[in-house]
Asks: 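Take a look at this one; I'll ask things after.
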Amino acid sequence: MFKLRRYLAGHYVECVLAPLFKGLEALLQLLVPLVMAQVIDVGIASRDAGYVLGHGALLVGVGVFAWAISVTAQYFCSKLASAFGTAMRDDLFRHVLSLSREDVERIGRASLVTRITNDSQQVQDGLNMFFRLILRSPFVTFGTVIAAFLVDGLEGAALLVAVIVSGAIVMGFIRVTTGRYRQIQRGLDEVQLRVSENLEGARVLRAFRREDSERATFAEATGTVRARQVSTGDVSALVNPLTYAAINCGLIALLWIGGGQVSVGHLTQGQLVALVSYVSQALVELLKLTNLIML
């Protein structure tokens with residue numbers, strides 16, 4: 001925690017503004033379906049062109065304002081993540097230089113190089129995605145559920161069940177793939193080790209005619225990493241379709257219930273369209289959250 005504060009020293013303004021702008025963007029996104037519901041129930045139902053055009057202009061204005069907020073938020077998120085990554089790599093490189101020869105041999109030069117390059121970039125990208133998505137996705141997801149409950153309790157319950165099932169799918173994916181990603185990381189260390197050894201011992205390898213043997217060893221190491229990545233990718237590829245299926249099942253239930261509610265007059269057509277829009281928003285945010293977890 002101390003190092004985290006030190007890495008972010010001088011960037012506390014970005015730490016506040018980045019999530020603030022993302023939250024404001026999410027709030028505007030949740031208001032759009034409600035405006036659309038009014039357009040359908042009032043403007044289109046009464047054939048009031050002025051009302052429709054006025055609210056259409058309002059939606060355009062909200063969209064432009066949300067775009068400006070999104071760009072501003074992205075700027076602060078990227079600036080914050082870049083500053084964090086730079087400070088972390090500097091600190092990590094300084095620490096590696098202070099290690100004894102025994103520590104370097106125990107940890108492995110390949111592992112140290114991977115930590116400074118690939119892993120540091122992954123942490124930086126993860127922090128960037130955290131401020132861009134993980135502070136926004138739960139807000140939008142649960143905001144859509146709350147908004148759906150405000151429109152109609154039964155519809156909100158259907159959306160809530162779909163979100164819970166999708167969340168369970170994501171958590172199950174995490175449990176299955178965590179060990180696989182650890183194996184991939186160890187494989188990357190092995191590939192990095194082979195590369196560094198071949199570069200340092202190129203003359204010796206040529207002198208003893210070991211090129212073919214080293215090529216075979218390197219091909220085996222990279223092949224293992226590739227096989228692990230492909231198998232993990234196969235598992236990861238199931239997450240989005242399963243999430244789509246869960247949310248769309250919730251959408252079917254919502255339309256089934258909503259159709260009956262509209263028929264008896266307990267729900268307007270505009271409100272039903274707003275609920276469908278909220279389902280779509282929840283689906284998009286869950287997919288974004290899944291991709292962030294994968295990263």
Side-chain angles (χ1 to χ4, degrees), residues 4 8 10-40 53-85 122-151 155-156 159-160 162-164 166-167 170 239-240 243-244 246-247 250-251 254 270-271 273-295:
L4 180 62
L8 298 178
H11 298 277
Y12 295 123
V13 174
E14 288 86 349
C15 291
V16 175
L17 292 180
L20 179 63
F21 277 100
K22 296 306 291 187
L24 183 57
E25 177 192 354
L27 180 61
L28 291 174
Q29 182 177 339
L30 293 174
L31 291 177
V32 170
L34 297 179
V35 177
M36 283 298 302
Q38 291 298 312
V39 170
I40 295 172
L53 291 176
H55 280 70
L58 175 62
L59 289 175
V60 172
V62 170
V64 173
F65 185 48
W67 172 80
I69 290 175
S70 177
V71 171
T72 305
Q74 303 291 32
Y75 168 76
F76 286 121
C77 292
S78 300
K79 184 177 179 181
L80 182 62
S82 298
F84 177 86
Q122 292 289 337
V123 172
Q124 178 178 324
D125 293 342
L127 182 66
N128 189 12
M129 297 291 284
F130 173 81
F131 280 102
R132 289 173 55 189
L133 293 181
I134 204 167
L135 292 178
R136 177 179 181 274
S137 293
F139 185 84
V140 174
T141 301
F142 290 107
T144 56
V145 174
I146 294 173
F149 269 107
L150 292 177
V151 174
E155 305 283 3
L159 181 57
L160 177 61
V163 169
I164 291 175
S166 299
V170 173
V239 179
N240 285 357
T243 304
Y244 267 109
I247 293 296
L251 177 60
L254 184 145
Q271 290 175 329
V273 171
L275 289 169
V276 172
S277 179
Y278 283 133
V279 172
S280 300
Q281 289 184 13
L283 174 60
V284 171
E285 295 304 323
L286 284 170
L287 294 178
K288 288 181 180 179
L289 188 60
T290 302
N291 293 331
L292 174 61
I293 293 171
M294 290 173 61
L295 178 62

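Numbering starts at 1 and runs along the sequence shown.
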Asks: Please name the pair of heavy atoms, one in Ile69 and one in Phe21, separated by the smallest distance, quoted to 0.1 Å.
Replies: CG2-O, 3.1 Å

Asks: Which value, rounded to the nearest 0.5 Å, describes the distance between Gln124 atom CD and Leu80 atom CG?
Replies: 10.0 Å

Asks: Thr72 side chain to Ala68 main-chain N or O, any donor-acceptor pair under 3.5 Å?
Replies: yes

Asks: From Phe65 CZ over to Glu25 CD, what is the distance, rounded to the nearest 0.5 angstrom?
Replies: 11.0 Å

Asks: Just how far is it from atom CG of Leu31 to atom CG of Leu59, taken to the nearest 0.5 Å?
Replies: 10.5 Å

